There are 2 protein chains.
Amino acid sequence: MTVGISGLGDHIGVWLRFVSNAISQSFARKVEEKGVTVAEWALMRALFDSEAAPPSKAAEQLGMTRGAITKLADRLIGKGLLIRRADPDDGRARTLALTARARRLVPELAALADENDAAFFGDLPAKERARLERLLKSIVARRGLKHIPID
Amino acid sequence: MTVGISGLGDHIGVWLRFVSNAISQSFARKVEEKGVTVAEWALMRALFDSEAAPPSKAAEQLGMTRGAITKLADRLIGKGLLIRRADPDDGRARTLALTARARRLVPELAALADENDAAFFGDLPAKERARLERLLKSIVARRGLKHIPID
DNA sequence: TATTGTTATACTCTATAACTATA
DNA sequence: TATAGTTATAGAGTATAACAATA
């Protein structure tokens, strides 16, 4: 900006958002071919590391409300990718577990995520990529942002 | 990631999105106090530079569909921030123009945007900030992304 | 016929709040 | 009462497609 008030392109945050949106949209198109959305992928990936987990844990991990997890889970159940069971020990509790098909799908989706990241950052010099990653993580740390990034 | 498939935190794109979301949400809270959303701010800012502009121009500039602009414009009109007029030369065309109140509001919102950007990037060394900006713009250029970032 | 814009419809994402069942 | 989860509702954001008016 030279004079007057700042414009849309005068903020780093806006450029960041722009790049971020492009990356997310690109990834969304890739996973769509596998029949899932980005948010669904995030939940599936979060559940992949354990046999079964309560919705509340997934909500905390992904920085979403329990209601949002319920809705996402409903959709994954409808797609045959998730099973919801009652907890035998606590009548209120439920557990979410990926189906066998979902367990086969997650690595494919992870590969798409790798591929997507490489498309945007792969030809940056390794040093620069590392610096960017460090910078982003430092902002997260400094601002005390919790939650794992979900998409 | 050490072994196995990549996780949610193993992609730069995910960290980028995380930071980007935090910045956007922070900005959204600020502009909300002024009674507008981030998308509304973007449209207002885009219209600020000219006396009046057709919706199609705003759509192109912001990378949105004409239908989306109509919807946004309807809302801004409802808030008394925008006026839609028929084009005297072309019966199909319309023009969008900010109201006087909107013209007073835009600089306030721009100041909030400045403030928000400073909160996230202000205490980075100038060199590092410049490097980040250059990097983001290079990605935009390399990928041939058009449209001004809108939020 | 082509173009401008609006309207209708739909879907994702997400939140808040009320509610149910259990503890 | 407190907690786990679900359900209901709402609204932003966005897209596609059908449509109306005009060129």
Side-chain angles (χ1 to χ4, degrees), chain A residues 17-18 20-22 24-25 27-29 31-32 35-44 52-79 82-97 147 149-151, chain B residues 17-18 20-22 24-25 27-29 31-32 35-44 52-79 82-97 147 149-151:
Chain A
R17 174 129 201 103
F18 195 32
S20 167
N21 280 164
S24 287
Q25 280 167 28
F27 184 56
R29 277 192 297 274
V31 298
E32 192 186 0
V36 297
T37 67
V38 176
E40 287 164 7
W41 143 252
L43 178 55
M44 289 172 70
S56 51
K57 189 186 159 201
E60 196 215 356
Q61 199 175 344
L62 298 174
M64 300 168 67
T65 61
R66 283 171 298 160
I69 294 292
T70 296
K71 200 165 158 186
L72 260 186
D74 284 346
R75 225 163 53 209
L76 284 171
I77 290 167
K79 291 178 180 180
L82 196 65
I83 294 172
R84 179 158 35 206
R85 291 197 191 85
D87 183 320
D89 303 326
D90 184 336
R92 299 168 303 179
R94 302 281 181 272
T95 63
L96 301 176
H147 309 315
I150 62 159
D151 55 346
Chain B
R17 176 133 200 98
F18 194 33
S20 166
N21 280 163
S24 288
Q25 281 166 28
F27 184 55
R29 277 191 297 274
V31 296
E32 193 187 358
V36 298
T37 68
V38 176
E40 287 164 6
W41 142 252
L43 178 54
M44 289 172 70
S56 52
K57 190 188 158 200
E60 197 215 355
Q61 198 176 345
L62 298 175
M64 299 169 67
T65 60
R66 283 170 299 160
I69 294 292
T70 296
K71 200 168 156 183
L72 259 187
D74 284 345
R75 226 162 53 207
L76 284 172
I77 290 167
K79 291 179 180 180
L82 197 65
I83 294 172
R84 180 158 35 207
R85 290 197 191 85
D87 182 321
D89 303 327
D90 184 336
R92 299 168 303 180
R94 301 281 181 273
T95 61
L96 300 177
H147 312 313
I150 62 158
D151 56 343

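Quick note on labels: first sequence line is chain A, next is B, and so on, each numbered from 1. Owing to the predicted nature of the structure, the values given are computational and were not obtained by experimental measurement.
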* Asked: Can you tell me how far the CD1 atom of I83(B) sits from the CZ atom of R94(B), to the nearest 0.5 Å?
  -> 14.5 Å

* Check the distance between dA15(C)'s P and N21(B)'s CG and give it to me in whole angstrom. => 11 Å

* To do: Ignoring backbone atoms, test whether S56(A) places a side-chain nitrogen or oxygen under 4.0 Å from the OP1 or OP2 oxygen of dT3(D).
  => no

* **Net bend of the helix from dT1(C)-dA23(D) to dA23(C)-dT1(D), end axes of five pairs each, nearest 10 degrees** => 30°

* Asked: Taking CD from E40(B) and P from dG13(D), how many angstroms apart are they, rounded to a whole number?
  -> 7 Å

* To the nearest 0.5 Å, tell me how far T65(A) OG1 sits from E60(A) CD. => 13.5 Å

* **CD-OG distance between Q61(B) and S56(B), expressed to the nearest 0.5 angstrom** => 11.0 Å

* To do: Specify the residues of residues 68-79 of chain A, ordered by number, for which at least one heavy atom lies under 4.0 angstrom from an atom of DNA chain C.
  => K71(A), R75(A)

* Asked: How close or far is atom C1' of dG5(C) from atom CD of E60(B), stated in whole angstroms?
  -> 16 Å

* To do: Before giving the answer on side-chain contact (heavy atoms from CB on, under 4.5 Å), spell out for L96(B) and R85(B) the whole-Å C-alpha distance, their side-chain angles and the decisive distance to 0.1 Å.
  => CA-CA 7 Å; L96(B) 300 177; R85(B) 290 197 191 85; over 6 Å; no

* To do: Would you tell me if any nitrogen or oxygen in the side chain of R84(A) comes within less than 4.0 Å of OP1 or OP2 on dG5(D)?
  => no

* Asked: Want to settle it: does T65(A) or K57(B) sit nearer the 5' end of DNA chain C, counting the closest nucleotide to each?
  -> K57(B)

* Tell me, please, which residues at least two apart from R29(A) pass side chain to side chain donor-acceptor pair (under 3.5 Å). => none

* Structure fact -> Atom CG of L43(A) and atom P of dT12(C) are separated, to the nearest Å, by 15 Å

* To do: Round to the nearest Å and state the distance from M64(A) atom CE to dT12(C) atom P.
  => 13 Å

* Taking the side chain of A93(B) as heavy atoms from C-beta outward, which of dG5(D), dT4(C), dT14(C) is closest to it? -> dT4(C)

Mind listing the side-chain donor-acceptor pairs of residues 67-79 of chain B below 3.5 Å, one per line with the distance, residues two or more places apart or on another chain?
residue, atom, partner, partner atom, Å
T70(B), OG1, R66(B), O, 3.1
D74(B), OD1, R84(B), NH2, 2.4
R75(B), NE, E40(B), OE2, 2.6
R75(B), NH2, E40(B), OE2, 3.0
K79(B), NZ, G35(B), O, 2.9
K79(B), NZ, E40(B), OE1, 2.7
K79(B), NZ, E40(B), OE2, 3.2

* Asked: Taking only residues two or more places apart in sequence or in another chain, which ones pass salt bridge (charged side-chain N to carboxylate O under 4.0 Å, His left out) with D87(A)?
  -> none

* Take atom CD of Q25(B) and atom P of dG13(D), then tell me their distance rounded to the nearest Å. => 12 Å

* Structure fact -> Rounded to whole Å, CD of E32(B) lies from P of dA15(C) at a distance of 13 Å

* Looking only at heavy atoms, what is the nearest atom pair of T95(B) and A52(B), with distance? -> CB-CB, 4.1 Å

* Provide the closest heavy-atom pair for A58(A) versus L43(A) in the form atom of the first, atom of the second, distance. => CB-CD1, 3.8 Å

* **Atom-pair distance (CG on L62(B); C1' on dA15(D)), nearest Å** => 16 Å

* Structure fact -> Each nucleotide of nucleotides 17-23 of chain C classed B (base within 4.0 Å of a protein heavy atom), S (only sugar-phosphate) or -, in 5' to 3' order, makes ----BBS

* To do: Give T37(A) one of three labels, base, sugar-phosphate or nothing, depending on what nucleic acid heavy atoms sit under 4.0 Å from its own.
  => sugar-phosphate

